[in-house]
Amino acid sequence: MDTWKETLRHLAVPESLDTSIALVATAAADPIQMALTYDKVNDTLLQILEQQPMEQCMHVTGEARAISDPKHRRVCREVHNKGHICQIAGFLDGAIDLNGAELMRWNQSNWQEVSWQNHLDAFALFANGEAVMFLSDRLAEIHFSLFDDQYVLLQAEHEHPKSTKQVWFLQSAELNQYLQPTVEKLMEASKPVDPRLFSDFNLSLSTDEALCALYELAEKGEIPKSDFLPLLGESGDRSLIDSNLRAIKFINSDGTRVRITSEGQEYLSLFS
Amino acid sequence: VTTAERDNILADWERSFQQLTASLPSVLSSLRLTARQRLNRRIPIWLGGPGKTDPLYEQRLLLRDLLRKFEFDPILSEDFDGATSGLDLAIDALNYTDFAIILAASVGASAEAIDLSRPRRDVPKPEQTTFVRGKLDVFIPDEYSNGYVYRVLRDEYNMIGKFSGFSLSNFQQFHSELPCKILQRAEQRRTSLYTDSQLHAGSPTATTKLASCGSAQVDAQLGVIQNRLMQAVSVNEEEKKYWLDIMQALGKLASDCLGDASLFKSQISEKEFQQKVKQFLQRNPAIAPALEEHPDIAGGETDLSYHKIRIELKVENDKAVLPESAVEQYSQQTAQYTTGSDRRMGILCILDGSGKDLAPGSVRNDILIEEVPPPQGGHYPLFLGVVITRGNLKRPSEHSK
């Protein structure tokens, strides 16, 4: 059975809907083809948003990779500016604690090619309430997105967390409508992530303590671990800031010494 | 509290915060200063708390003044209109601010703090309160630490941070503890906003709010126009930013003319108007380097341009200029120059030199944005800014009968 039919079968889409589906763009499991298709998706959505609000922008994903794309974040922000909100459902291993540092590590491991700037901006998207993330410890079998009551972005079944897969960008109000209850059910079974979790993480990087510690490291290159923690102050927050700086990879350590990374240097250079 | 006492309290709070900052490593002050200067805008903060009938209202007003001194733009719910209840008001206001502070120091403010902090479990919509949590900092008296509100905010909603507590009795006596904590948090938020702003690609962006030009009316109108512009997603962000810069400068000129009738006292020619506008724009150090005169585009001659944004200058001495008729009369010409410059945005600036018997209206009516749909159909309209400068005005005393 071909991948297309297999994917529809997984979603229990009746064959009668086939005739309603128009293919707008498609890509094989190839990064360049996929990028072009995603670009087409984003351009289409931005064009619609230029004319009117978009009530529906829902993603059922594994690793919420759509959000690592700056252009798609722009779509999310435009959806929000026009009075609605994008909802992104992702999978998070139930064994992982739900806190900012752990989520950042999870994103870092899933979006390996993404810059720290994009990681922080993705957090800012949720922190500012411009989009909402739902997490579930159950991985959806097929990943897809619904837009504007008429578009569907469908991914072929793939092994999590594989980043390349066959994708189809489709126009079909009927298919969109058919898949809507599946998304709603999944969202209901998931947990919305508190925006404060994202904002607290981002804010912790601009605390007096974090900035001073990074600057000290930049001056000295590296310092003993025992000297580093006191730089982060006396309060209980210091281990949290330490953990967040590591999660975003602004600092790292090997054994006894802590050093600033090139990403940490770049962050500091915003101020120079 | 008398005016002199207010001034003393404010000076004391300001001094205390500066002492606190002075004890930090100098590098931090310099990082913060860089963030403040580069962000180049006043950060709106919603400042919720005890209302007009509460004894702490005076302190809340003083906090507003203090935040203003440090280049924030505090907004009180009372300043907002159009909402039906306190909570609606707060959420409405929060849509326009970058972050929010609430002083849970009265019954009403505590209830509001709980409402705004409550996470929602249903599918959220932007107007629902879930989303203000990321923006919100709650400050609550230590004296309330055994109370219901404090426990709910701490244990259920996780809203109590290390900065949240303060001594109510001290604050009642205008002590600087809480003002310093609020300023510290505000500075941290500002730095975070600065880094956020750096994360967005491209140098200038149209979503970065404009610094005040010195006219509240122009600022307010530019704010409305900027919001409208955000919806024009197909226009390049850099082009929008340049367009906004020049609209703001011309808006300020229009505003100055209303305040000083001598600027365009009598009727002048288009050429003279062009020279005067050019001189005015050249005094603006941000605009002067990229200001050009008379590029020959699309077979005609335009007047001024800024980063290839055309500024079409017109003079109307015969009849009063109405915004709608100005657009109708001149927009096609400006549109042609705009497309000829490979831009989607242009500007039309008209000097109304007609004789006037009545006093002019607010400058807000004279600054507008017009969408010009493509005449041959298609998805991409042009956007024209229109600024009408009222000249040939009577001096205020000349209106007296």
Side-chain angles (χ1 to χ4, degrees), chain A residues 43 46-47 49-51 53 70 73-75 77-85 87 115-121 124 126-130 132 134 184 187-188 191-192 194-200 202-209 211-212 214-216 219 235-237 267-268 270-272, chain B residues 21 24-25 27-28 30-35 38 94-95 98-99 117 119-137 157-159 161-162 184-185 187-201 207 227 230-235 237 379-381:
Chain A
D43 284 342
L46 287 171
Q47 267 177 27
L49 281 161
E50 199 177 345
Q51 308 295 329
R73 290 201 299 276
R74 192 171 145 212
V75 170
R77 289 188 163 108
E78 288 305 327
V79 168
H80 182 253
N81 282 342
K82 294 209 162 182
H84 297 283
I85 197 147
Q87 293 154 269
S115 69
W116 65 269
Q117 288 93 336
N118 277 312
H119 277 293
L120 277 193
D121 192 43
F126 298 115
N128 298 333
E130 294 164 314
V132 64
F134 291 78
E184 283 169 3
M187 299 279 183
E188 275 165 25
K191 193 178 168 187
D194 191 333
R196 211 167 165 83
L197 184 147
F198 300 102
S199 67
D200 283 351
N202 280 10
L203 269 175
S204 76
L205 305 178
S206 54
T207 53
D208 296 352
E209 294 84 358
L211 288 171
C212 284
L214 284 174
Y215 194 81
E216 182 86 4
E219 286 273 285
S235 78
D237 285 352
Y267 176 70
L268 265 190
L270 293 180
F271 301 92
S272 60
Chain B
T21 313
L24 295 167
V27 60
L28 183 69
S30 111
L31 295 178
R32 292 261 187 262
L33 188 65
T34 309
R38 298 249 187 93
L94 280 163
N95 281 328
D98 288 305
F99 64 101
S117 302
R120 299 285 294 255
R121 292 297 170 208
D122 49 353
V123 177
K125 301 267 187 227
E127 69 271 18
Q128 289 178 341
T129 56
T130 312
F131 297 104
V132 307
R133 279 174 59 80
K135 290 181 172 183
L136 183 66
D137 288 329
Y157 300 160
N158 196 24
M159 293 297 287
K162 66 169 182 179
Q184 256 184 312
R185 191 67 175 165
E187 285 289 4
Q188 192 186 329
R189 290 269 185 183
R190 173 153 53 198
T191 310
S192 178
L193 281 174
Y194 166 70
T195 54
D196 275 2
S197 73
Q198 297 300 298
L199 303 182
H200 295 276
T207 48
N227 285 340
M230 278 182 198
Q231 296 167 13
V233 289
S234 68
V235 179
E237 287 294 304
H379 291 300
Y380 301 106

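Reminder, nothing fancy here: chain letters follow the sequence lines and each chain counts from 1.
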- Message: Heavy-atom cut-off 4.5 Å, strictly under: side chain, backbone, both or neither for A:E209 against chain B?
- Response: side chain
- Show your working on side-chain contact (heavy atoms from CB on, under 4.5 Å) between B:Q188 and B:R185 and close with a plain yes or no. CA-CA 5 Å; B:Q188 192 186 329; B:R185 191 67 175 165; 3.5 Å; yes
- Item | Heavy-atom proximity to chain A below 4.5 Å, by part of B:E187 | neither
- Task: Go through A:N202, A:T207, A:N118 and name the one with the most non-hydrogen pairs under 4.5 angstrom from chain B.
- Result: A:T207
- Those residues at least two apart in sequence (or on a different chain) that pass ring-ring contact (aromatic ring centres under 6.0 Å, His included) with A:Y215 are none
- Portion of B:T34 that has a non-hydrogen atom of chain A nearer than 4.5 angstrom: side chain
- Is there side-chain contact between B:S192 and B:R189, with at least one heavy-atom pair below 4.5 Å? no
- Please name all residues satisfying side-chain hydrogen bond (donor to acceptor under 3.5 Å, both in side chains) with B:R32, sequence neighbours left out, ordered by chain then number. A:D208, B:T191
